[in-house]
There are 2 protein chains.
Amino acid sequence: MVPDHDGAFAPTTEDAPSSSGFLDDGKNTIGSQLASRLREAIISGELQAGSKINLDKARKTFNVSLSPLREGLARLISDGLVEFEDNRGYRVSSISLANLEEITTLREEFEVFALRESMRLGDVEWEGNVMRALHRLNRTERDAARPETLERWEELHREFHLTLISGCGKPILLHFCRLLLNLNDRYRRAFLTRTSGDRNVSQEHSEIAQGAVARDLDYACDMLRQHIHRTGTNLRKHLATKGIL
Amino acid sequence: MVPDHDGAFAPTTEDAPSSSGFLDDGKNTIGSQLASRLREAIISGELQAGSKINLDKARKTFNVSLSPLREGLARLISDGLVEFEDNRGYRVSSISLANLEEITTLREEFEVFALRESMRLGDVEWEGNVMRALHRLNRTERDAARPETLERWEELHREFHLTLISGCGKPILLHFCRLLLNLNDRYRRAFLTRTSGDRNVSQEHSEIAQGAVARDLDYACDMLRQHIHRTGTNLRKHLATKGIL
DNA sequence: ACTATCCAAATAATCGATTATTTGTCAAGG
DNA sequence: CCTTGACAAATAATCGATTATTTGGATAGT
């Protein structure tokens, strides 16, 4: 038997385009479904940061047994959204200013590096994917009054950033970036209902994308770094407003 | 209740110095113990890369029930040593030339970045830890004839590299570096029984450490990068010898 | 009043058995 | 001869019950 040989950190089935019309959404087992629901619950803030997760209550809330619940939680640990301690159980990872700052710093390092590699190695297919992701994002309205538009926008925004770096040919790096994006999104969903007035985010995305497909390495990387940095600065302000250290 | 607030990716209890004389080695639950044993089994090559992990057999081998077995395996997924697919089970992550090259590249980027941050932010305590880790490593003999010395050396080597970057004040980054080191160690344990003749590894470590505590950023970073690079090159040759693509 | 110790309730971990899914094999049809 | 479908064996996922650990509170001793 020849192993598939995707290597470690091959992209998980999550958020695959799901091209087949069948109802196979890659979330077969209860454990998988739970992982998704819990992830969404944490990123959206439904499960408060830092709070303990009582297995018994969660079991009743989600109407499942312990085994798949632990299974699901275990996956969120890989995502950095949940922490675990022997005999003490699970808790939602805390948020803090230091944590946000680290995430921002690391995104500036990792994501920018991944973009550079993508520009160096990406093929035409990748270019096309970038332009499509950009278009879909910029065509999607973000109306603070309607939460469902926010969620949709977040999804496409995440997709855009991941697509940008998807050409780098480095599964482990992509995995790291995906984690950082997860962690970052929790802050954004919690604190940014609307983008600050002095930014034109659509334009920022366009500049990055256009620089990327034009293979203007330094320009695109610089734009991305600034983009990430600005988001970090914005979020930091919002955290300060709410008195979070 | 005030949350401990270590933030995501706070260092796990693994390989803590275990200062207390008590038999509490932080591996309380069967799941934890299994995770350690499995990790060791994978890194040492006892469990072949790419091979499927049959839950039933593993259950009998380790004489445990399914729940803790899954628990343990789940943790190794976070470590990148095990892959999982719904309804298809677990398998040991494959090794490949591409995978090794990515690990090496990422170590050059991120471990070096972490070292730079450590030099920028580390305190005297950190400096002391570095010198101690260096001393212990260099004083430990590595005799290819006696496997137990190799294991001991690997442990101290790992400890040295982690200590070098432990002052960076960035838990997530440390977590990533720890993973990369894990993945890298599997290659070394599998392919390097002795260091290639043209290297004086002890001296390389000394140069890095001394540059680090002297806060000679560029020098220390450069030495570390070369050190990682050389190891990568060596391993690549050994992989080629064994016909691994 | 303060600390330490012991109990009971709450919670996490584990087990053995059951259910669901996948995989390999073989026969029927093209 | 190849493909397709059905079946059976192998394997993974889940459940409900049991066991072990932690936590909070009451009690006794200083």
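What you see is a predicted model, and the numbers here were worked out from it, not measured in a lab. Lettering follows sequence order; numbering is per chain, from 1.
Regarding A/Glu85, its CD atom lies at a distance of 14 Å from the C1' atom of D/dT23, rounded to whole Å. One interatomic measurement links the two molecules: CG of A/Asp86 to P of D/dA20, which rounds to 16 Å at whole-angstrom precision. The nearest whole Å value for the distance from the CZ atom in A/Phe62 to the P atom in D/dC15 is 14 Å. In this structure, A/Asn28 places its CG atom 21 Å from P of C/dT19, rounding to the nearest Å. D/dT21 atom P lies 14 Å from atom CZ of A/Phe84, rounded to whole Å. Between A/Arg59 atom CZ and D/dC15 atom C1' the separation is 10 Å, expressed in whole Å. Summarising the geometry, the separation between CG on B/Leu66 and P on D/dT14 is reported as 12 Å, rounded to the nearest angstrom. Here D/dA20 presents its C1' atom at 13 Å from CD of B/Gln33, a figure rounded to the nearest Å.
A/Arg158 and A/Asn182 share a donor-acceptor pair across their side chains, judged by distance under 3.5 Å alone. Judged by distance alone, the side chains of A/Ser166 and A/Thr163 never bring a donor and an acceptor atom under 3.5 Å apart. Donor-acceptor pairing under 3.5 Å is lacking for the side chains of B/Tyr90 and B/Asn54.
Using cut-offs of 30° and 60° for the angle between ring planes, the A/His157 and A/Trp153 rings count as parallel.
For B/Arg189, the side chain to side chain donor-acceptor pair (under 3.5 Å) test picks out B/Glu40, with sequence neighbours left out.
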Could you list all N or O pairs between the protein and nucleotides 8-11 of chain C that sit under 3.5 Å apart?
from	atom 1	to	atom 2	distance (Å)
C/dT11	OP1	A/Asn54	ND2	3.4
C/dT11	O5'	A/Asn54	ND2	3.4

Can you list the steps and then say if A/Glu111 with A/Ile228 is a side-chain contact (heavy atoms from CB on, under 4.5 Å)? CA-CA 9 Å; A/Glu111 218 170 302; A/Ile228 293 168; 4.0 Å; yes

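With the nearest nucleotide of DNA chain D identified for both A/Asn87 and A/Ser67, A/Ser67 has the one nearer the 5' end.
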